[in-house]
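Quantities reported herein were computed from a predicted structural model and do not represent experimental measurements. By convention in this document, chain letters (A, B, ...) are assigned in the order of the sequence lines, proteins followed by strands, and residues within each chain are numbered from 1.
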There are 2 protein chains.
Amino acid sequence: MSNTTVENIILGCLSFGPRSGYEIKKIISMSSSWFYNASYGSIYPILKKHEDNGLVSSEETVDNGRYKRIYQLTPKGYKVFEKWMLESPKLMTVKYEMAVKLMFFAHLKPGQRIKQVEQHIEQLILFKQELEEIEPYAASEGDFYQRLILDWGENLYSFLIEWFGKFLDELKNNSGDVPINSKTRE
Amino acid sequence: MSNTTVENIILGCLSFGPRSGYEIKKIISMSSSWFYNASYGSIYPILKKHEDNGLVSSEETVDNGRYKRIYQLTPKGYKVFEKWMLESPKLMTVKYEMAVKLMFFAHLKPGQRIKQVEQHIEQLILFKQELEEIEPYAASEGDFYQRLILDWGENLYSFLIEWFGKFLDELKNNSGDVPINSKTRE
DNA sequence: TAAGAATATAGCAAAATGATATATAAGGAT
DNA sequence: ATCCTTATATATCATTTTGCTATATTCTTA
């Protein structure tokens with residue numbers, strides 16, 4: 001059985017150096033949560049599993065009187081991580097509730113359609129601003145790629161804002177109505 | 001407790017008319033799977049739950065000698081669906097393994113980077129072609145919106161293909177290498 | 001007429017989420 | 001000094017979801 005993506009992300013985070021479960025969660029929250037998230041409920045059991053399989057080793061430390069378990073990649077773990085890096089990635093999966101609602105938009109009244117799209121665009125703009133405020137996590141390694149991914153995210157949200165903006169214009173030009181059964185668009 | 005998105009999608013599918021669990025899965029696979037998917041393991045238990053809550057009613061039918069349970073929205077179910085349609089949608093969640101790999105791209109050799117990005121662009125192009133071949137499911141209601149969503153999908157994948165294309169050009173111009181610790185991009 | 005594709009439902013292990021619980025340390029406010 | 005909040009750190013658990021397998025019938029096509 002091959003590792004899951006989250007299992008490999010954890011190996012990847014440890015490739016930056018030894019980290020605690022809490023720190024791994026922080027790396028993921030700060031740099032990858034908007035394109036691949038993981039919760040404590042995944043991270044801690046996976047760290048245990050990785051240790052059982054010899055992919056990571058751990059050491060109980062005391063830092064300022066506080067108990068802390070630090071995990072580290074083993075050579076075997078690094079090999080597994082490297083192998084995964086060369087595999088063809090899984091296709092993207094998206095869960096986009098607004099697109100689902102679009103499927104059933106015919107049920108809404110024209111004014112409700114305009115309001116929904118306007119609110120959604122506001123949400124997208126807010127999220128894009130949050131992205132723009134993120135500073136890359138890793139100081140040295142992978143710094144260029146951290147910035148690259150942020151660039152990707154900003155471009156993705158720009159695309160969404162633009163696309164829904166055009167749709168909103170169309171709705172407004174038709175007072176919230178759209179051609180029924182129109183066979184072509186633009 | 002409010003319904004989950006999948007629970008609402010099922011109500012939405014039934015808003016097009018009475019359907020069996022199998023037909024609901026087909027609607028989702030054919031029209032929304034690339035932005036919100038659901039498996040039989042979700043659909044059948046949810047239909048039962050909806051019936052227990054009085055949101056749908058069902059009838060056991062025999063069609064060409066084949067057993068079939070047809071589900072239908074109740075007025076209560078339609079109200080729940082309508083209420084959900086007016087709520088602010090949840091933010092998009094994305095699971096994009098290629099973006100994760102980008103995080104750790106510094107570990108790859110220049111040639112490996114170029115190969116990975118090339119392969120990914122091929123995947124994206126293939127998927128976009130599949131999208132272009134989809135014909136909207138609903139014949140009458142929501143036809144415009146089915147096409148709109150397909151338009152959105154095609155634009156989204158065009159954006160991804162373009163973005164990774166630019167990145168590939170950059171990699172090739174630097175023989176797979178990228179500036180380390182560069183503070184700005186472009 | 002036999003293979004295989006499509007229709008139809010059911011069940012389950014594994015994975016993931018989201019939430020809660022617990023506890024300590026650090027920092028600022030009153 | 002004491003209180004409150006935030007950050008660090010780990011653990012657990014019910015619910016949801018996925019992906020897979022099993023089962024059975026009918027329709028299509030070679």
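- What separates CG of B:Asn37 from C1' of D:dT18 is a distance of 9 Å, to the nearest Å.
- Of the candidates D:dT8, D:dT10, C:dA6, C:dA6 carries the atom nearest the B:Tyr22 side chain, counting heavy atoms from C-beta on.
- Contact between the side-chain N/O atoms of B:Lys25 and the OP1/OP2 oxygens of C:dA6 is not found at any separation under 4.0 Å.
- As judged by a 4.0 angstrom heavy-atom cut-off over every strand, A:Tyr67 is placed among residues touching the sugar-phosphate backbone only.
- Nucleotide D:dT16 holds its P atom 13 Å from the OH atom of B:Tyr36, rounded to whole Å.
- Taking the six-membered ring where tryptophan is involved, the planes of B:Phe167 and A:Tyr145 are perpendicular, since the angle between them exceeds 60° and thus also 30°.
- Between B:Trp152 and A:Tyr96, the ring planes are tilted. Angles from 30° to 60° get that label.
- Checked for salt-bridge contact, B:Lys166 and B:Glu170 miss the test: no charged N lies under 4.0 Å from a carboxylate O.
- Distance A:Lys90 NZ to C:dA16 P: 8 Å, rounded to the nearest Å.
- The shortest distance between the side-chain N/O atoms of B:Tyr44 and the OP1/OP2 oxygens of C:dT9 is below 4.0 Å.
- Closest to the side chain of A:Lys48, out of D:dT12, D:dT18, C:dA16, is D:dT12.
- Of the candidate nucleotides C:dA15, D:dA7, D:dT18, C:dA15 has the atom lying nearest to any side-chain atom of A:Lys49.
- Taking atom CG on B:Leu91 and atom C1' on C:dT17, their separation rounds to 16 Å, with Å as the unit.
- Ranked by how close their nearest DNA chain C nucleotide is to the 5' end, B:Ile70 and A:Ser42 are led by B:Ile70.
- Residue B:Asn8 contributes atom CG, which lies 13 Å from atom P of D:dT16 at whole-angstrom precision.
- Between the C1' atom of D:dA9 and the OH atom of A:Tyr40 lies a distance of 8 Å, rounded to the nearest Å.
- A ring-centre distance under 6.0 Å is found for B:Tyr157 and B:Phe127.
- Between B:Phe144 and A:Phe105, the ring center distance fails the sub-6.0 Å criterion.
- Using a 4.0 Å heavy-atom cutoff across all strands shown, A:Ser39 reaches at least one base atom of the nucleic acid.
- Dense packing is recorded around NZ of A:Lys90, with more than 12 heavy atoms of other residues, nucleotides or ligands lying under 6.0 Å away.
- When rounded to the nearest whole Å, the span between NZ of A:Lys95 and C1' of C:dA16 equals 11 Å.
- Residue B:Val6 has its side chain nearest to D:dT17 when only C:dA16, D:dT17, D:dT8 are considered.
- For the pair A:Ile46 and B:Gly21, both in contact range of DNA chain C, the more 5′-proximal nearest nucleotide belongs to B:Gly21.
- Closest approach to the B:Lys26 side chain among C:dT17, D:dT10, C:dT7 is made by C:dT7 (side chain taken as heavy atoms from C-beta onward).
- Closest to the B:Arg69 side chain, of the nucleotides D:dT10, D:dT18, C:dT9, is C:dT9.
- Taking side-chain N and O atoms only, A:Thr4 has a distance below 4.0 Å to OP1 or OP2 of C:dA16.
- One interatomic measurement links the two molecules: CD1 of A:Ile10 to C1' of C:dA16, which rounds to 12 Å at whole-angstrom precision.
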